[in-house]
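Shown next, in structure tokens, is the structure this report addresses.
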Amino acid sequence: MTPRLLRLGPTTRPAAHFLTGEELSADRLAGLLDRALELKAGPLASRVLVGRTVALMFERPSTRTRVSFETGVHELGGHPLVLRSGEMQLSRGESIRDTALVLSRHVAAIGIRTGPDEVVRELAANATVPVINMLTAAHHPCQALADLLTLREAFGRLDGLVLAYVGDGNNVARSLAILGALAGVEVRVAAPDGYQLDPVAGAVLTDDPLAAARGADALYTDVWVSMSDSDDEADARRRALAPYRLDQALLDAAKPSAVALHCLPAHPGEEITEAVLYGDRQRIWDQAENRRHAQKALLELLVAGTD
Ligand code: CP
Ligand code: NVA
């Protein structure tokens, strides 16, 4: 069986999979965000999934991703089929390859949240329907789509904006770097030694949170201990990352118009203060809502090739 290949660029057919965000061209990303805004204004405007099913495999916990995909697929007229790996034959040794082959005979697309990125790549290599990365250890591209949509709403544009991510150089930071670069956003990542993002997509790397924040349009943070991190290192992480908390002083170092972002779940008092999390400069709850609108546009693009 020939695995479906990634299709790249604005002049070719739509990307078959969405694993890192690198499958999209700048034009396709801009079109997807335009479409997400249309779908936000008219949630039932697209019925692209009528009579079709989308499998949503969860090997890790989720609140926002599960709810936004389930509600989003429903709004597109489809049936969201949530599959927990512990309830599948995967938990008894069935391969990812065989799982991909079987699911592809039934569903229009497969979303997966797991740890190792190799699992998502193997699923995509064997599936004959689009595969969507709903979070791995290294990537969270669906989150970055919603974040860009939120910035676009807040500022009316993306090109030329500066986003400063402070904290752990993790999956969320990497996806912001990849998709931010595609959208013309300068992404700066401020993290301490040992927790810095690998050089990716032209992101500006520093260990100085104040320097990153100066002149920024948005400050972003995420948890200090991710689902793929060992609990054994949690205390060390909290000590190392404590100077990178998103608080009012950091927000004051950014532009007066700057907004605060967080993908959630948040730990108020750790990576973000309660005052910023619930303050009038945050757009965090918009981000959570925008997961649904952005993912609906993504599903439409992948399943129907609409742009
Ligand atoms: N931001 C995000 O992915 O949240 P969940 O882990 O709740 O899905
Ligand atoms: N970096 C976090 C994101 C949660 C949405 C994690 O991987 O757990």
Side-chain angles (χ1 to χ4, degrees), residues 58-66 84-86 113-120 133-144 147 163-178 187-200 203-214 216 218-254 260-279 281-282 284-285 287-288 291:
F58 284 97
E59 299 193 293
R60 294 281 192 280
S62 168
T63 297
R64 279 143 291 273
T65 303
R66 176 173 173 180
R84 292 178 198 82
S85 53
R113 166 167 288 200
T114 186
D117 284 75
E118 306 84 76
V119 169
V120 176
N133 182 347
M134 302 197 297
L135 183 145
T136 51
H139 296 275
H140 198 2
C142 290
Q143 180 66 52
D147 301 337
L163 181 150
Y165 176 101
V166 289
D168 185 23
N170 61 14
N171 47 3
V172 168
R174 185 173 292 100
S175 290
L176 284 168
I178 291 170
V187 176
R188 304 172 181 166
V189 179
D193 195 30
Y195 298 92
Q196 184 55 278
L197 188 64
D198 44 292
V200 56
V204 179
L205 308 183
T206 174
D207 62 2
D208 184 345
L210 269 177
R214 264 184 221 112
L219 299 190
Y220 196 122
T221 194
D222 181 20
V223 295
W224 289 343
V225 185
S226 282
M227 289 184 273
S228 294
D229 295 326
S230 157
D231 284 344
D232 297 345
E233 38 169 309
D235 287 343
R237 287 180 155 274
R238 290 191 183 99
R239 276 194 302 277
L241 289 158
Y244 294 79
R245 179 171 297 118
L246 176 40
D247 58 13
Q248 193 59 47
L250 202 61
L251 205 42
D252 288 343
L261 302 177
H262 191 312
C263 59
L264 301 174
H267 301 79
E270 278 194 24
E271 76 278 357
I272 190 167
T273 60
E274 193 170 317
V276 173
L277 178 61
Y278 302 109
R281 294 177 69 182
Q282 60 74 26
I284 293 168
W285 311 100
Q287 287 176 268
R291 292 290 304 274

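One-based numbering along the sequence shown. None of these values were measured; they are calculated from a predicted model.
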Do [X] and [Y] come close enough that some side-chain heavy atom pair is under 4.5 Å?
X	Y	value
C142	N133	no
L251	R281	yes
L264	L277	yes
Q282	Q287	no
P209	L250	yes
V189	Q196	yes

Next item on the list: Starting from the C-alpha separation in whole Å, work towards a yes-or-no answer on side-chain contact (heavy atoms from CB on, under 4.5 Å) for Y220 and I272.
Entry: CA-CA 9 Å; Y220 196 122; I272 190 167; over 6 Å; no
Next item on the list: Could you check D117 against T136 for side-chain hydrogen bond (donor to acceptor under 3.5 Å, both in side chains), going step by step and ending with a plain yes or no?
Entry: CA-CA 6 Å; D117 284 75; T136 51; 2.8 Å; yes
Checklist line | Residue from E270, E271, E233 passing side chain to side chain donor-acceptor pair (under 3.5 Å) with R238 | finding: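 So the option named by the test is E270.
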Determine whether a donor-acceptor pair (N or O, by modelled atom type, separation under 3.5 Å) exists between the side chain of [X] and the backbone of [Y].
X	Y	value
S226	S228	no
T221	V166	yes
R113	P61	yes
R188	A212	yes

Measure the [atom1]-[atom2] distance between [X] and [Y] for me, rounded to the nearest 0.5 Å.
X	Y	atom1	atom2	result
H262	L219	NE2	CG	12.5 Å
N170	D222	CG	CG	4.5 Å
H267	R245	NE2	CZ	13.0 Å
R60	M134	CZ	CE	12.5 Å
H139	I178	NE2	CD1	5.0 Å
N171	C263	CG	SG	7.5 Å

Next item on the list: Give a yes-or-no answer on whether the side chains of T65 and R291 include a donor-acceptor pair shorter than 3.5 Å.
Entry: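 Indeed, the side chains of T65 and R291 share at least one donor-acceptor pair under 3.5 Å.
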Notebook entry, point to check: Got more than 12 heavy atoms from elsewhere within 6.0 Å of CG, D198?
Noted result: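 Enclosed: over 12 neighbouring heavy atoms sit under 6.0 Å from CG of D198.
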Margin query: Are more than 12 heavy atoms, taken from residues, nucleotides or ligands other than D252, located less than 6.0 Å from that residue's CG atom?
Written below: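 For D252, atom CG is crowded (more than 12 foreign heavy atoms under 6.0 Å).
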I need the minimum non-hydrogen distance between [X] and [Y], along with the two atoms involved.
X	Y	answer
L241	G167	CD2-C, 3.5 Å
Y278	W285	CE2-CZ2, 3.7 Å
A240	P192	O-CG, 3.6 Å
D229	D168	OD2-OD2, 4.1 Å
A144	S175	CB-O, 3.7 Å

